[in-house]
Amino acid sequence: MMIPIIDLQDALTLGEPRSAQVAREMRAAAMASGFFYVRHHGVDAAQVDAQFALARELLDLPLAARERLAMHLSPSMRGFELMGAQTLDQEARPDLKESFYCGMAYAPDHPYVQAGYQTYGHNQWPAEVPRAPAQCEAYIQAMLGLSRRLMQLMALSLGLPETWFDPTSDSPMVTLRMICYPAHPEGADDRTFGAGAHTDWGAITILAQDSHGGLEVQTPEGHWVPATPIPGCFVVNLGDMIPRWTNGLYHSNPHRVRNLHSGGAPRYSIPFFYEPDYLARIEAVPGTVPDGEVPRYAPCTAGEHLVEMYRRSYALKPHGEEATA
Ligand SMILES: O=C(O)CCC(=O)C(=O)O
Ligand SMILES: [Fe+2]
């Protein structure tokens with residue numbers, strides 16, 4: 001299986017001429033591994049390059065500075081993830097990566113911030129990098145625009161009106177993550193990963209990766225294939241909310257990372273996780289449950305689903321109590 005490249009030229013806004021063709025290609029990719037590349041996605045290469053420069057600066061800060069802003073100090077899971085904090089594959093060792101999480105700058109009086117919903121509000125910014133808040137917000141807005149357009153094309157791919165999912169995106173849960181993977185240790189065992197095998201939890205992930213490679217995707221047949229970096233392209237993959245929304249028609253496949261091919265250099269990647277509104281109800285959309293069958297998944301809200309997944313992989317107690325690991 002090859003991960004297909006979908007060209008978004010002339011499909012980037014509502015009603016553009018290639019939208020139906022792109023939707024067909026998206027449907028095929030979504031029914032296979034749920035992974036595809038996007039080309040001509042409308043995001044300036046210079047903006048992506050600048051985001052990598054920022055990622056290096058943030059993740060190169062001294063450990064003490066990163067510890068002061070560790071993500072478990074933030075009720076909304078933002079700030080620095082330190083080495084070994086996350087175990088994405090419960091059968092494997094803790095992930096060999098460090099990262100920085102931030103989210104959209106919702107106003108303090110936004111009802112979801114007031115309600116204390118996880119992922120809303122309270123970024124933790126290091127004073128050492130004063131440009132970080134504005135630069136990350138601009139990158140988030142670019143990724144959010146692309147995510148909303150991909151959701152429109154997905155609606156089209158499901159035979160729904162293009163704007164079907166728009167109402168689920170009023171106050172989206174979005175997370176920008178900048179990750180640094182050290183070189184894979186020599187002689188490491190087969191339970192050692194930069195990121196252990198996992199599926200993503202949200203709706204859509206848009207990943208920028210540097211030139212080293214290391215991301216592997218599991219095919220529907222169970223093989224692992226590399227998602228080789230392609231200049232000018234993002235890797236897009238579907239998260240677990242999409243099978244819930246499509247009654248299993250579209251897939252969110254496992255993927256993992258090993259930084260094996262960088263010649264000893266660290267690998268940087270920048271995934272952006274798009275998830276709908278915290279209160280959006282995730283249930284099978286029309287046309288996805290065959291007549292006479294019951295839906296495969298119980299309906300849930302996007303927020304419930306996401307909070308549970310954070311809890312599992314960071315070994316958190318429910319209700320945002322203190323971390324145990
Ligand atoms: O670093 C990568 O290439 C992928 C990261 C990833 O899968 C994740 O953060 O969910
Ligand atoms: Fe992932």
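As the structure lists them, so they are numbered: ligands from 1, and atoms in each ligand from 1.
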**Item:** Within the protein, residues bringing a heavy atom under 4.0 Å of ligand 1, chain by chain
**Value:**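 If the criterion is a heavy atom under 4.0 Å, then ligand 1 touches R177, I179, Y181, H198, D200, L207, L215, H255, V257, R267, S269, P271, F273.
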NZ/NE/NH1/NH2 to OD/OE distance under 4.0 Å, [X] and [Y]:
| X | Y | answer |
| --- | --- | --- |
| R149 | E162 | yes |
| E81 | R66 | no |
| E91 | R191 | no |

**Request:** With 2.8 Å as the limit, jot down which protein N, O or S atoms are around the Fe ion (ligand 2).
**Result:**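 Listed by chain and number: H198 NE2, D200 OD1, H255 NE2.
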**Message:** For the aromatic rings, using the six-membered ring if either is Trp, is the centroid distance between Y106 and Y120 under 6.0 Å?
**Reply:**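 Between Y106 and Y120, the centre distance is under 6.0 Å.
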**Message:** Tell me which pairs pass ring-ring contact (aromatic ring centres under 6.0 Å, His included) where either residue lies in residues 229-249, with sequence neighbours left out.
**Reply:**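 For residues 229-249: H41-F234, F165-W245.
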**Request:** Looking only at non-hydrogen atoms, find the nearest pair between E137 and A105 and report the distance.
**Result:**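 What the structure gives for the nearest pair is OE1-N, 3.1 Å.
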**Shortest non-hydrogen contact between Q124 and G79, atoms and distance** =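 Shortest heavy-atom contact: NE2-CA, 4.1 Å.
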**Asked** Mind checking what makes ring pair (Phe, Tyr, Trp, His ring centres under 6.0 Å) contact with H40, not counting sequence neighbours?
**Response**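 For H40 there are no ring pair (Phe, Tyr, Trp, His ring centres under 6.0 Å) partners, ignoring immediate neighbours.
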**Prompt:** Quick one: which of L215, L260, I179 gives a side chain to side chain contact (heavy atoms under 4.5 Å, CB included) with R267?
**Reply:**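 That would be L215.
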